[in-house]
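Both counts, for ligands and for their atoms, begin at 1 and track the order of listing. Because the structure is predicted, anything quoted here is derived from the model rather than measured.
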Amino acid sequence: MANSKMIPLLKESNNKEILNCISSQEEVNCLIEFEKEIASYVGVNGALAVNSGTAAIHLALMLLEVRAGDIIYCSTLTSIASANPITYQGAQPVFIDSEPETWNMSPRALEKALKDAAKNSKLPKAIIVVNLYGQCAKMDEILKLCHFYQVPIIEDSSHALGSMYKGKPSGTFGDFGVYSLGPRKIISNSSGGVLLSNDSKYIEYAKHLATQARESPPFYHHTRTGYSYIMSNILAGIGQQQLLVLDKNVILKQKVFNQYQEQLANVDGIDFVYEQEDTLSNRWLTVILIDEKLIGQNVYQIVLQLEKYGVETSFIHKPLHLQPVFEGCKYYTHDDRESVSTNLFQRGICLPSSVDLTIEDQIKVIDSLK
Ligand SMILES: Cc1ncc(COP(=O)(O)O)c(C=O)c1O
């Protein structure tokens, strides 16, 4: 039940759908409606709405029966949320480097890893491919390799709802797709995630696992460990409303990116990730790459300097193969001479990219950077 403080707030927003969810959870099932709407938006058969993107990845691993001793490949340049569920299952992550064009999983490094694994008869149980900051990974090449070696794909599109790869929505290429609706995502209900699959049996079983694995008898009966992962009806109602503004948010994010790119194009030592042919990035986050030699300062110094001007920027994700918690895990690089993800980490800065960033605020960021 919503508390009394929350109801006036929602009334102010005049949001009938959410109020209905609160007043009559039995009659208006926002959860089921939201699942149908997001599945239909991206063109898959089934979606399960859960309470985080991390939970959705964990469920996908459980559906693939990942257990202790299994190996899972994962993009290295990503949030730790992409890989933590591997550890929840007692499995072993192997990290795959980025390639320099999309910054996402390198098909070349993946091929090296799969070839090695096939030689040693230790193929991974799944791979987790991330579409970082809204940019789609090179899915054709990754799919080809995974089909050849018969390895299922979990596509972590937590950042890439609204992005397209060759005319198809990001998140719909793997055996499972994942979105996050957490804070500051392209759409957000404060805390949520979505698991996608074209196989409705998987979605049904994921729902069972996400609701404490309660069995069918009318009394509480459980034969295996389940989880409390399902999205609340109220947050699903907010998710429905957020889905209505997704297209608008993509346009606003692209506008923010284009403005940065135009204004900073002639600054030597600043570069961007470019859209790949036949893909459309939702530009969830604008990230620049700094050439320390040309700029005369490193990323750390620039972030601190901008803070002094009142501009909040941040580092890009530190690659997972460098995280102490994953010390000793195997890592395959794109290039024998250098690790592309490590280089990106040393050069990347995330710029303010909110959909409600005013043009004045953006100009302040640009001027401060210059
Ligand atoms: C790449 C990536 N995957 C997964 C997640 C997990 O999402 P959540 O915070 O909803 O658990 C995040 C979170 O920000 C993320 O950045």
Check ligand 1 for N or O atoms under 3.5 Å from a protein N or O and list each pair with its distance.
from, atom 1, to, atom 2, distance (Å)
ligand 1, 3 (N), Asp156, OD1, 3.3
ligand 1, 3 (N), Asp156, OD2, 2.7
ligand 1, 3 (N), Ser158, OG, 3.2
ligand 1, 7 (O), Ser180, OG, 3.3
ligand 1, 10 (O), Gly53, N, 2.8
ligand 1, 10 (O), Ser180, OG, 2.7
ligand 1, 11 (O), Gly53, N, 3.3
ligand 1, 11 (O), Thr54, N, 2.9
ligand 1, 11 (O), Thr54, OG1, 2.5
ligand 1, 14 (O), Lys185, NZ, 2.7
ligand 1, 16 (O), His159, NE2, 2.6

**Message:** Connecting only ILVMFWY residues whose side-chain heavy atoms lie within less than 4.5 Å of each other, what is the rest of Phe148's hydrophobic cluster?
**Reply:** Ile71, Tyr73, Val94, Ile96, Met105, Leu110, Leu114, Leu123, Ile127, Val129, Met139, Ile142, Leu143, Leu145, Tyr149, Val151, Ile153, Tyr165, Phe173, Tyr332
**Request:** For Lys166, check side-chain hydrogen bond (donor to acceptor under 3.5 Å, both in side chains) against everything at least two apart and list the hits.
**Result:** Asp140
**Asked** For Ser163, which residues count as a side-chain contact (heavy atoms from CB on, under 4.5 Å) partner, sequence neighbours excluded?
**Response** Cys136, Ala160, Ser170, Asn282
**Prompt:** For the residue pair Val250 and Gly162, what are the closest heavy atoms and their distance?
**Reply:** CG2-CA, 4.2 Å
**CZ (Arg184) with more than 12 external heavy atoms under 6.0 Å** = no
**Request:** Applying salt bridge (Lys or Arg N to Asp or Glu O under 4.0 Å) between Lys112 and each of Asp336, Asp97, Asp335, report the one that passes.
**Result:** Asp336
